[in-house]
> 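Pasting a structure below so you can have a look.
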Amino acid sequence: MLEKNYNPKDFEEKIYEKWETSGAFQPDMRSDKDAFSIVIPPPNVTGVLHMGHALDDTLQDILIRYNRMLGKKVLWQPGTDHAGIATQMVVERNLAKEGLTRHDLGREEFVKRVWKWKEQSGGTICRQLRRLGASCDWSRERFTMDEGLSHAVRKIFVSLYKDGLIYKAKKLVNWDPALETAVSDLEVVQKETVGKMYYYKYPLENNPNEFIHIATTRPETMFGDTAVAVSKDNKKLAHLIGQNCIIPIINRVIPIIADDHADPEKGTGAVKITPAHDFNDFEVGKRHNLPMINILNADATLNENTPYAGMTTQEARIKTLETLEQLGLIDKIEDHPMVIPYGDRSGVVIEPYMTDQWFVDAPKLAVEARRAVTDGEMEFVPATYEKTYFEWMNNIQPWCISRQLWWGHQMPIWYGPDDTIFCEENEELAQKEADKHYGKHVELRRETDVLDTWFSSGLWAFSTFGWPEQTQYLKTFYPTSVLVTGFDIIFFWVARMMMMSMYMMKRVPFKKCYIHGLVRDEQGRKMSKSKGNTVDPMETIEKYGADALRFFMAASETQGRDINLSDSRIQGYRNFATKLWNAARFCEMNECYSVKNFDINSAKLAINKWIIAKAKEATEAVTDNLNNYRFSEAANAIYQFTWGTFCDWYIELTKPVFYGENATEIEETRAVAAWVLDRILIVLHPFMPFITAELWNNLTARNIDIIKANWPLTEKINNADKYEIDWAVDFISAIRSLRSAMNLPAAAKLTAYVKSSNEDLALISKQQKMICTLARLETVESLANKEITQDMAQTASHEAVIYIPLKGVIDFDAERARLNKELETLNKNLDGYARKLGNESFVAKAPAAVVAEERRRQTEAMENKARVEEALARIANF
RNA sequence: GGAGAAUUAGCUCAGCCGGUUAGAGCGCUCGCCUCACACGCGAGAGGUCAGCAGUUCGAGUCUGCUAUUCUCCACCA
């Protein structure tokens, strides 16, 4: 017996546990069916589930469960990411509480600490994914720093290095002074701020009373200046080119050079060039062979190349300005809107900084990655995201992959005594190569840098399957079927996976890439911890159940658009689950599952043929929409069928049967009701796995788990017939409408007389009992020779005109108002039809079927109009 | 500066290949505790599909322009 109330907490976790322990999420590797696979976007190992995951993983689980029910060999590969910077930061913060830094511990000890932290607080997110119902094959869970995945990292690194696609270079990079590491372009966020523009002047070398005026937002960098640039087209300043000027305070002489980087329209037209601390200046410096003077320490304090060693840039800026002021060199200071780069993790200002770093030749790798999308080997859904992808790929810069961190994959690079580089998969091999190279045994020094986190996640689509081993899983599931992820990591991850996979595997990592939007708060604002507007999915699940949250995500997901979280909608889907629960209880109470071996094609009752037809349509709609990644349409199709068709109509239609005495009819209706409910459970299962499983298990004994139930597509249904009940539904609705408009008490039993074709009358007489029950009529019969009287309210459904005597209680004003409104609508429509059909071009050019349909509507509306006018005339004097 | 997207009911949004009277949920109004369900049932109100022009027999849907909003990328003189 089902509980009276739907209580997801009673069963959701239990059901999941049973699935997991029974291996229900594992693919049958002996099956010869098609494979379907997804690799999960690996969450940070120490992270917690947020609404973005809830969306992302719900969509994946829907696809996974759907394909599993289609009978495919399905694998959802789970795992987590070591998240280099993020994780190291957390552990360092914890250390700071003990008053320690990582340097106090030393590298080895620190890394041990991180592993310990991972053991302690890792795994939370995987437990939460289980709570959401994600049917991942946890027996295959991977971590980007597992031995196997680390091996893959080293192997591909060596390969890229030997192919000349990884190189070391001394370049300006984005430097995070808090973390003291380089970061990639993508890890820098630009923020609008109002800063100051400082105008001041440098004296000329051979005439200290003359000056060249410059403008800068960062005066403290002047100690790194190695030139001042002026455009040769700058008529006012060009004469200074070739002269030298003097950097005040330090009195260093630098040349005034000609370079088009100096825009005559901007600032003063003359730009100080600081090649070691500005990306543009760096290029200028290279063009003119300028010295590059580094003025910063790794923590962004000024170094001994400046007079203000040890000061922060802010302190140095103030000091510099004070000194310039004393020297009388400042022209003016203005407010200046500008953008300043911040580290997306550390939140501090990023400094362009000159260091030795390692780079991946992304522009070369991008060629194949781009081609694969151009040639349709990988398709974005929605397709418009390929523009974003191409835009970035076409302007791609070398990818800085080295990080001066301790947590991550240490680069497989060893240096010989003279800094010769040996890049091998392990130390032994490197040693062997080195010994060969030097002709004797030498001591090697390993590169201390680790790799950008995204380097290892770039391999995720094949490293998780055991690559470089040619495993059965790799052969079966690579390339994966689809990647589901947010647009915010197209560059970080999708693009990198494409590049790495095309390089190493020569095949795309996934055939499709489904991109979804962001989950925002109720007001459409981005959710963030600092704003305090985040909603914890676990709390939502606690409140409404995982199924309600999942269904909300699916029903809201319309190809790539952001989703505004809505408590009332989630609650609505919990109500939907309750509705289904109660419908199941109705079936249980009426012993629907007691009938065995009923052939669905032998159903004879009109209501049963009707619901079978509707169920078939709904299934096809869900299937079609899922095949095209239209999640909201798929969810809505099953929602509308379950609630609007099955509960609102079919269950009501079965009541006259169940409460009647015809055993054959009861038997048939029981069987069909059970059959339809089963279809609902199956088709709804990918969206709401828990309630569907709970009902599936409790309604009757089953020989198969719902997770592996066959998707009901292939069923042969050949006795579907919608006409009769569709007609009756409209007929009943018309009477209900009239009752409501005439303010008739719900309990009042009425008589209805109908004027219509013999077919309609036959249908009514056949469905007499059902119509009377649902429309609350005493009886419904043919108008025949009965006289139409003034106390009859009149309405119509299709061509049937319905008369209901109101025995003196008719409210003539209400009836007139109702009829007039109907008339108004009819007139409006008739105008439209007349206009269209009066248009010769329409009649000549539109398809015949469209024209015929238009004519039919016109005729019908004209008949209805005559009917309504007649009724109005009849009561005109009251 | 470069690129992309959006504008439909009070609110949040669907609307696929152009073809009925443009849909849903929430909210609102009226009537109902009808033996599955008040987390419910029945019936309603509510829209110049941002504006203008164009293509077409026919435009919410296709094209162009305008207005407004948003997102991404680039940008420290």
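These numbers come from a predicted model, not from an experiment. Naming: A, B, ... by sequence-line order, numbering from 1 per chain.
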> I'd like to know if the side chain of Thr193(A) reaches the main chain of Gly195(A), judged simply by a donor and an acceptor atom lying under 3.5 Å from each other, with no hydrogens or angles considered.
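Here the side-chain-to-backbone pair does not exist.
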
> With rounding to the closest Å, how many angstrom separate the C1' atoms on A22(B) and U8(B)?
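Rounded to whole Å, the distance is 8 Å.
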
> Would you confirm whether Arg550(A), through its side chain, and Phe687(A), through its main-chain N or O, come within 3.5 Å as a donor-acceptor pair?
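A pair under 3.5 Å: yes.
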
> Any donor and acceptor pair, going by atom type alone, linking the side chain of Asn698(A) with main-chain N or O of Met1(A) inside 3.5 Å?
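No, the answer is negative, given that no donor and acceptor are paired below the 3.5 Å cut-off.
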
> Indicate whether the side chain of Ser184(A) and that of Glu187(A) have a donor and an acceptor atom separated by less than 3.5 Å.
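Yes, a side-chain donor-acceptor pair sits under 3.5 Å.
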
> Map Ser733(A) and Tyr573(A) onto RNA chain B by nearest heavy atom, then report which one ends up closer to the 5' terminus.
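This one resolves to Tyr573(A).
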
> With rounding to the closest Å, how many angstrom separate the C1' atoms on U34(B) and G10(B)?
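Approximately 32 Å lies between the C1' atom of U34(B) and that of G10(B).
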
> Convert the base pairs of RNA chain B into dot-bracket notation, remembering that pairs crossing earlier ones are written with [ ] and that bases paired across to another strand are shown as |; include only Watson-Crick or G-U pairs under 3.5 Å.
(((((((..((((.....[...)))).(((((.......))))).....(((((..]....))))))))))))....

> Taking only the P atom of each, what is the distance from C57(B) to U48(B) in whole angstrom?
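Between the two P atoms, the distance is 29 Å.
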
> Check the pair Arg520(A), Lys526(A) against side-chain contact (heavy atoms from CB on, under 4.5 Å), reporting the backbone distance first and the verdict last.
CA-CA 5 Å; Arg520(A) 297 170 171 275; Lys526(A) 211 164 160 174; 4.1 Å; yes

> Main chain of Arg855(A), side chain of Thr859(A): is a donor-acceptor contact present, judged purely on distance under 3.5 Å?
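Confirmed, Thr859(A) side chain pairs with Arg855(A) backbone.
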
> Which of the following nucleotides, C39(B), C76(B), C41(B), is nearest to the side chain of Asp648(A)?
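Of all the options, the side chain of Asp648(A) is nearest to C41(B).
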
> Please state the P separation for the pair C17(B) and C35(B) - nearest whole angstrom.
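Roughly 47 Å separates the two P atoms.
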
> Looking at the side chain of Phe491(A), which of C75(B), C72(B), A36(B) is the nearest nucleotide?
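Closest nucleotide to the Phe491(A) side chain: C72(B).
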
> Determine the interatomic distance between C1' on U66(B) and the same-named atom on G58(B); round to the nearest Å.
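Roughly 26 Å separates the two C1' atoms.
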
> Could you write nucleotides 53-61 of chain B as a row of B, S and -, 5' to 3', where a protein heavy atom under 4.0 Å of any base atom gives B, of only sugar-phosphate atoms gives S, and otherwise -?
----B----

> Using a 6.0 Å cut-off, check whether atom CD of Gln523(A) has over 12 heavy atoms from anything other than its own residue.
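Above 12, so yes.
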
> Classify the angle between the aromatic ring planes of Phe576(A) and Trp643(A) as parallel (below 30°), tilted (30 to 60°) or perpendicular (above 60°).
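Because their plane-to-plane angle is under 30°, the rings of Phe576(A) and Trp643(A) count as parallel.
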
> Show, in sequence, the C-alpha distance, side-chain angles and deciding distance for Arg317(A) and Glu220(A), and conclude whether the salt bridge (Lys or Arg N to Asp or Glu O under 4.0 Å) test is met.
CA-CA 5 Å; Arg317(A) 179 171 303 174; Glu220(A) 72 282 3; 2.9 Å; yes

> Check whether any side-chain nitrogen or oxygen of Asn395(A) sits under 4.0 Å from OP1 or OP2 of C73(B), and answer yes or no.
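Negative; the distance criterion is not met.
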
> Relative to each other, are the rings of Phe487(A) and Tyr385(A) parallel, tilted or perpendicular (30° and 60° limits)?
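Ring orientation, 0 to 90° scale: parallel.
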
> In whole Å, I'd like the distance from the CG atom of Asp263(A) to the P atom of C75(B).
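Going from CG in Asp263(A) over to P in C75(B) covers 16 Å.
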
> What residues from residues 825-834 of chain A pass a heavy-atom cutoff of under 4.0 Å to RNA chain B?
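Correct list: Asn829(A), Tyr833(A).
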
> For A67(B) and C76(B), measure between their P atoms and round to the nearest Å.
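Straight-line distance between the two P atoms is 29 Å.
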
> Whole Å only: how far is the CD1 atom of Ile490(A) from the P atom of A3(B)?
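Nearest whole value for this atom pair: 18 Å.
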
> Mind running side-chain hydrogen bond (donor to acceptor under 3.5 Å, both in side chains) on Lys201(A) and Thr268(A) for me, showing each step along the way?
CA-CA 10 Å; Lys201(A) 51 196 176 184; Thr268(A) 60; over 6 Å; no

> Nearest to the side chain of Thr384(A), heavy atoms from C-beta on, is which of C13(B), C76(B), G4(B)?
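The closest nucleotide is G4(B).
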
> Atom OH of Tyr389(A) to atom C1' of U71(B): distance rounded to whole Å?
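Nearest whole value for this atom pair: 21 Å.
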
> Select one nucleotide: of A77(B), U34(B), C75(B), the one nearest the side-chain heavy atoms of Ala215(A).
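So the nucleotide nearest the side chain must be A77(B).
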
> Looking only at N and O atoms, is any donor in the side chain of Arg569(A) or the base of C26(B) less than 3.5 Å from an acceptor on the other one?
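No pair found.
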
> Considering only U20(B), U71(B), A77(B), which nucleotide approaches the side chain of Met197(A) most closely?
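Nearest to the side chain of Met197(A) among the choices is A77(B).
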
> Of the candidate nucleotides A77(B), U20(B), C16(B), which contains the atom at the shortest distance from the side chain of Thr217(A)?
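Nearest nucleotide to the side chain: A77(B).
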
> Taking only the side-chain heavy atoms of Phe487(A) (C-beta and beyond), determine which of C39(B), G44(B), C72(B) contains the nearest atom.
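Taking heavy atoms from C-beta onward, the closest nucleotide is C72(B).
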
> What form does the base of C17(B) take, syn (within 90° of 0) or anti?
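Judged by the O4'-C1' to base torsion, C17(B) sits in syn, the angle falling within 90° of 0.
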
> Taking Arg739(A) for its side chain and Pro745(A) for its backbone only, find out whether a donor-acceptor pair lies under 3.5 Å.
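Yes, the answer is positive, given that a donor and an acceptor are paired below the 3.5 Å cut-off.
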
> Relative to each other, are the rings of Tyr514(A) and Phe631(A) parallel, tilted or perpendicular (30° and 60° limits)?
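Tyr514(A) and Phe631(A): perpendicular rings.
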
> Tell me which nucleotide among A77(B), U71(B), A36(B) gets nearest to the side chain of Met589(A).
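Looking only at heavy atoms from C-beta outward on Met589(A), the closest nucleotide is A36(B).
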
> Would you indicate whether the side-chain heavy atoms of Thr485(A) and Ile515(A) approach each other to under 4.5 Å?
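Touching, per the 4.5 Å side-chain cut-off.
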
> Please measure how far the C1' atom in C13(B) lies from the corresponding atom in G60(B), and state the result in whole Å.
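Between the two C1' atoms, the distance is 15 Å.
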
> Rounded to the Å, how far apart are Met553(A) CE and G25(B) C1'?
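Distance check: Met553(A) CE to G25(B) C1' gives 16 Å.
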
> Applying ring pair (Phe, Tyr, Trp, His ring centres under 6.0 Å), name anything that partners Trp399(A), two or more places apart in sequence or on another chain.
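Ring pair (Phe, Tyr, Trp, His ring centres under 6.0 Å) check on Trp399(A) returns nothing, list empty.
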
> Does A14(B) have OP1 or OP2 sitting under 4.0 Å from an N or O in the side chain of Arg561(A)?
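Yes, such a contact exists.
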
> Reckon Lys191(A) has a side-chain N or O less than 4.0 Å from the OP1 or OP2 of C76(B)?
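So the side chain of Lys191(A) is outside the cut-off, no N or O lying under 4.0 Å from OP1 or OP2 of C76(B).
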
> Counting only side-chain heavy atoms from C-beta out, which of A24(B), G19(B), C13(B) sits nearest to Gln640(A)?
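Selected nucleotide: A24(B).
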
> Near RNA chain B, which residues from residues 576-583 of chain A have a heavy atom under 4.0 Å away?
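Those residues are Thr578(A), Lys579(A), Asn582(A), Ala583(A).
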
> Does G40(B) have OP1 or OP2 sitting under 4.0 Å from an N or O in the side chain of Asn575(A)?
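Result: yes.
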
> In terms of the nearest nucleotide of RNA chain B, which residue is placed more toward the 5' end: Trp643(A) or Asn590(A)?
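Counting from the 5' end, the first nearest nucleotide belongs to Asn590(A).
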
> When you get a sec, tell me which of U7(B), C26(B), C76(B) is the closest nucleotide to the side chain of Ser568(A)?
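Among the listed nucleotides, the one closest to the side chain of Ser568(A) is C26(B).
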
> Between P on G23(B) and CZ on Phe641(A), what's the gap in Å once rounded to a whole number?
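Between P of G23(B) and CZ of Phe641(A): 22 Å.
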
> Applying ring pair (Phe, Tyr, Trp, His ring centres under 6.0 Å), can you list everything that pairs with Phe552(A), at least two apart in sequence or on another chain?
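Applying ring pair (Phe, Tyr, Trp, His ring centres under 6.0 Å) to Phe552(A) gives none.
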
> On a whole-Å scale, what distance lies between the P atoms belonging to A43(B) and G23(B)?
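My reading of the P atoms in A43(B) and G23(B) gives 16 Å.
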
> For the pair Asp547(A) (side chain) and Ile691(A) (backbone), establish whether a donor and an acceptor sit closer than 3.5 Å, ignoring hydrogens and angles.
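It does hold such a pair.
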
